Amino acid sequence: GTSLHSLFVANGVVFVMDGDTLNYLDGDTLTPLITGLAGDKVSYEKVGNWLFLADGTYKKSVYIPDKTECDWGCAIPTAAPTVADSGSGGNPDGTYQCYYRHKITLPDGTIIRTALSPSAEVTVATNKISWSDLVHSTFTGATTIEVELFRTKTGFAATYLVATVASGTTTYDDDISEEPISSCSEQ
C-alpha cells in the first residue's frame, strides 16, 4: 500500500486502512472491503460480530464473520405513501391514515425498522385501498429489504400493520377488514 496508517484486529480478522480503503488480510493478501473513507480520520469500534466505522462523512459497518459491508443506520421515510380508492369492492370502509416504514434484515439476522413515514389520508366506501409507488430502502449489505404498510381508521386508537411487501414490489391492494387488523397492533 501507499499510506498504511491503521492496523487492528477484530474477532481474529486483521483490518488495515490503506489511504481511503479499509482492507482485510486474507492469507498474505490485502483484500479491499470499503473504499472512499476519509483516510486517516477514521474511527472504529468493535461490538460483538460487528465493526463500526465513521469518518465524519460516512458511517459504515462490517459484519465480521463473512466480511459484509453494511450501511450503519437507515434514513426515516420522509414522503407520505401514495394511496387511493381503488374503485373495486372490498372490506375497508371509512377514512384512513396510511403510513409505511422500511424493514431491513442484516447478515446476522438482526432486523432494523425505521420510524413510520408521514401519513396520507384516503376515504373509501367498501372498496380496496390502492397503495402505489412504494419506495424501498437502499441499504448496502442487507439480506432482505421490505416495506411494512400501516393504517389507522378515524376513531381507532392505534396504527396497525396491514402487510409486509417484498423488495421490488411497488403496488399493493389492501382489502383487509378492521376485524383482523384490530388484533395485530404494530410491534
Side-chain angles (χ1 to χ4, degrees), residues 1-81 99-118 131 133-150 158-172 183-187:
T2 55
S3 60
L4 297 175
H5 55 83
S6 297
L7 173 72
F8 50 96
V9 178
N11 291 16
V13 178
V14 177
F15 292 94
V16 178
M17 283 297 301
D18 183 2
D20 69 350
T21 303
L22 175 68
N23 300 274
Y24 66 92
L25 193 58
D26 187 11
D28 293 336
T29 305
L30 279 182
T31 303
L33 184 60
I34 301 174
T35 60
L37 297 168
D40 61 352
K41 298 182 189 274
V42 176
S43 299
Y44 62 92
E45 184 68 36
K46 180 194 153 308
V47 178
N49 284 324
W50 289 91
L51 178 67
F52 295 92
L53 303 118
D55 68 0
T57 303
Y58 301 104
K59 296 185 298 184
K60 294 289 183 178
S61 61
V62 175
Y63 182 57
I64 299 168
D66 63 9
K67 294 158 206 81
T68 299
E69 172 191 353
C70 293
D71 288 329
W72 174 11
C74 183
I76 296 170
T78 58
Y99 312 82
Y100 69 97
R101 71 177 174 195
H102 298 124
K103 177 183 175 186
I104 299 154
T105 305
L106 300 178
D108 67 351
T110 298
I111 295 174
I112 298 172
R113 289 181 167 96
T114 65
L116 293 175
S117 70
W131 298 70
D133 303 320
L134 297 175
V135 177
H136 292 267
S137 174
T138 55
F139 193 93
T140 302
T143 56
T144 60
I145 299 173
E146 299 168 304
V147 175
E148 294 180 325
L149 307 178
F150 293 85
T159 300
Y160 296 93
L161 177 64
V162 172
T164 301
V165 180
S167 181
T169 303
T170 58
T171 61
Y172 178 77
S183 65
C184 63
S185 180
E186 175 200 1
Q187 300 296 327

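The shown structure was predicted, so the numbers you read here are calculated from the model rather than taken from an experiment. Residues: numbered from 1 along the sequence shown.
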Which residue, Asp108, Asn11, Asp66, forms the side chain to side chain donor-acceptor pair (under 3.5 Å) with Asn49?
->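 For Asn49, the side chain to side chain donor-acceptor pair (under 3.5 Å) check succeeds only for Asn11.
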
Nearest 0.5 Å please: distance from the [atom1] atom of [X] over to the [atom2] atom of [Y].
{"X": "Lys67", "Y": "Phe15", "atom1": "NZ", "atom2": "CZ", "value": "7.0 Å"}
{"X": "Ile111", "Y": "Ile104", "atom1": "CD1", "atom2": "CD1", "value": "10.5 Å"}
{"X": "Leu106", "Y": "Tyr63", "atom1": "CG", "atom2": "OH", "value": "9.5 Å"}
{"X": "Asp71", "Y": "Lys60", "atom1": "CG", "atom2": "NZ", "value": "4.0 Å"}
{"X": "Phe139", "Y": "Ile145", "atom1": "CZ", "atom2": "CD1", "value": "8.0 Å"}
{"X": "Tyr100", "Y": "Thr114", "atom1": "OH", "atom2": "OG1", "value": "8.0 Å"}

Intermediate values then yes/no, side chain to side chain contact (heavy atoms under 4.5 Å, CB included), Phe8 and Leu51 | CA-CA 11 Å; Phe8 50 96; Leu51 178 67; 3.5 Å; yes

Please name the pair of heavy atoms, one in [X] and one in [Y], separated by the smallest distance, quoted to 0.1 Å.
{"X": "Cys74", "Y": "Ser137", "answer": "SG-OG, 3.5 Å"}
{"X": "Ser117", "Y": "Ala79", "answer": "CB-O, 3.6 Å"}
{"X": "Ala115", "Y": "Pro77", "answer": "O-CD, 3.6 Å"}
{"X": "Lys46", "Y": "Ala10", "answer": "CD-CB, 3.7 Å"}
{"X": "Lys59", "Y": "Ala54", "answer": "CG-CB, 4.3 Å"}

Would a distance-only check, ignoring hydrogens and angles, find a side-chain to backbone donor-acceptor pair under 3.5 Å from Thr105 to Thr143?
->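 Here the side-chain-to-backbone pair does not exist.
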
Taking the side chain from His102 and the backbone from Val135, do they hold a donor-acceptor pair closer than 3.5 Å?
->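 Checked: pair present.
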
Side chain proximity check, Pro81 to Phe150, heavy atoms < 4.5 angstrom =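 Sidechains of Phe150 and Pro81: no contact.
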
Flag yes if more than 12 heavy atoms outside Tyr58 fall under 6.0 Å of its OH atom; otherwise flag no.
->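 Atom OH in Tyr58 is not packed in, count stays at 12 or less.
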
List, one per line, each side-chain donor-acceptor pair under 3.5 Å for residues 22-37, sequence neighbours excluded.
from, atom 1, to, atom 2, distance (Å)
Asn23, ND2, Val16, O, 3.4
Asn23, ND2, Thr21, O, 3.3

